[in-house]
Amino acid sequence: VNFNFNYSAKELIDNSDKEENGAKYVYLSEILEDMCSKANVELATTSFLGSTKHVSWYDSRITAREYLSYIAELNGGYAIINKNGKLELRQYSNIVKQTISTEECDNFKLGLEHKIQRVVFDFNTDKWEKGTGETLYINPNNVFITSQEDVNNIYEIVNNLKFYTFKVNYNPIYDVEAGECIEFKIGTKKYPTFVQYSLNYNGGWIGGYKFDVASSKQQE
């Protein structure tokens, strides 16, 4: 929420000592640091994919929160405020943080299986893609996706990422954070997914998890 303000890198670029083809530029990592400074949020991530990308332009109509989502997407993941109150960029992974038996859950509904095997960026004349199979479509408004290499890097992170859509109204709340991978166990079978949750406090934390994305046919 602290990043919900229109951001301009004009001052940062104007004061830069780096120049390329007659134009001043800054590294993308410097823009992230500047946004965090203006939002009064400490940055926990010291390096990320695309951190040395040259940026010589600015657009003050876009919020820092939107820019942050672009950077996180370029890094093959998402942004989160961690338990120490710092901004952290994380990458999607099938490393399981918690296994939950459906016997502990109320009204559990298992949805579709997904396995990402293709990444596409498609905007105007720029179209870059890699892989074949179910597709991760990159936000066409992402101004930091500028080459096939960016798509290749994201592909290397998310290729073969497997997850299921699901919904559960109530279940034990474990020490996991939004975006992390958990799995539900039904008998001997396990179904990985990613955490999105809704919690209430009533003498203790209660709530449930839900993860819902469009089917591959709906995406197309």
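Residues: numbered from 1 along the sequence shown.
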**Request:** Take N160 and Q117 through the side-chain hydrogen bond (donor to acceptor under 3.5 Å, both in side chains) test and state the conclusion after the steps.
**Result:** CA-CA 5 Å; N160 290 324; Q117 294 182 308; 3.1 Å; yes
**Item:** Stepwise side-chain hydrogen bond (donor to acceptor under 3.5 Å, both in side chains) test for T99 and E183
**Value:** CA-CA 5 Å; T99 300; E183 63 183 8; 2.7 Å; yes
**Message:** Pair M35, I71 - check side-chain contact (heavy atoms from CB on, under 4.5 Å), show working.
**Reply:** CA-CA 12 Å; M35 289 194 301; I71 294 172; 3.9 Å; yes
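Rounding to the nearest 0.5 Å gives a distance of 8.5 Å between CD1 of I138 and CG of L74. Atom CZ of F48 is separated from atom CG of N153 by 12.5 Å, given to the nearest 0.5 angstrom. Atom OG in S16 sits 8.5 Å away from atom OH in Y27 (nearest 0.5 Å). The CD1 atom of I13 sits 5.5 Å away from the CD1 atom of I31 when rounded to the nearest 0.5 Å. We find the CD-NZ distance between E88 and K83 to be 10.5 Å, quoted to the nearest 0.5 Å. Between atom OG1 of residue T52 and atom NE2 of residue H54 there is a gap of 6.5 Å, rounded to the nearest 0.5 Å.
Under a 4.0 Å N-O distance rule, the pair E30/K18 qualifies as a salt bridge. Ionic pairing of E19 and K24 is not present here: no N-O contact between side-chain nitrogen and carboxylate oxygen is shorter than 4.0 angstrom. Between K185 and E103 there is no salt bridge, since no side-chain nitrogen of the basic residue lies less than 4.0 Å from a carboxylate oxygen of the acidic one. Between K53 and D150, at least one side-chain N (NZ, or NE/NH1/NH2) sits under 4.0 Å from a carboxylate O, which counts as a salt bridge. Under the 4.0 Å criterion applied to side-chain N and carboxylate O atoms, E134 and R118 are not assigned as salt-bridge partners. Between R90 and E180 a salt bridge is recorded (basic side-chain N to carboxylate O distance below 4.0 Å).
Transitive grouping of hydrophobic side chains (ILVMFWY, heavy atoms separated by less than 4.5 Å) keeps F194 and I95 in distinct clusters. Hydrophobic clustering (side-chain heavy atoms under 4.5 Å, transitive across Ile, Leu, Val, Met, Phe, Trp, Tyr) groups F5 together with I62. Residues I145 and Y25 do not share a hydrophobic cluster, defined by chaining ILVMFWY side chains whose heavy atoms lie under 4.5 Å apart. In the hydrophobic cluster analysis, where Ile, Leu, Val, Met, Phe, Trp and Tyr join through side-chain heavy atoms closer than 4.5 angstrom, V158 is grouped apart from V96.
Residues F144 and T146 form no side-chain contact, since every pair of their non-hydrogen atoms from C-beta on lies 4.5 Å or further apart. For the pair Y155/I116, no side-chain contact is recorded, criterion being any heavy-atom separation below 4.5 Å from C-beta on. Between L12 and Y58, the closest side-chain pair of non-hydrogen atoms is not below 4.5 Å. Residues K86 and V41 are not in side-chain contact: their nearest non-hydrogen atoms beyond the backbone lie 4.5 Å or more apart. Q148 places none of its side-chain heavy atoms less than 4.5 Å from the side chain of E129. You'll find the side chain of Y7 reaches within 4.5 Å of the side chain of D34, heavy atoms only. Annotation: side chain of I154 is not in contact with side chain of W128 (no heavy-atom distance under 4.5 Å). Residues P192 and N94 have side chains in contact (heavy-atom distance under 4.5 Å, counting atoms from C-beta outward).
Aromatic pair Y191/F184: ring centres not closer than 6.0 Å.
Heavy atoms from other residues, nucleotides or ligands lying under 6.0 Å from CG of N84 number more than 12. Taking a 6.0 Å sphere around CD of E149, one finds it holds 12 or fewer heavy atoms contributed by other residues, nucleotides or ligands. Residue E11 qualifies as open at atom CD: its count of foreign heavy atoms under 6.0 Å is 12 or below.
With hydrogens and angles ignored, the 3.5 Å screen pairs a side-chain donor or acceptor of T193 with a backbone N or O of Y164. Formation of a donor-acceptor pair under 3.5 Å by the T45 side chain with backbone atoms of S47 is not found in this model.
Heavy atoms only, all atoms of each residue included: T102 and I186 are closest at CG2-CG1, 3.5 Å.
Ring planes of F108 and F166: parallel class, angle under 30° (limits at 30 and 60°).
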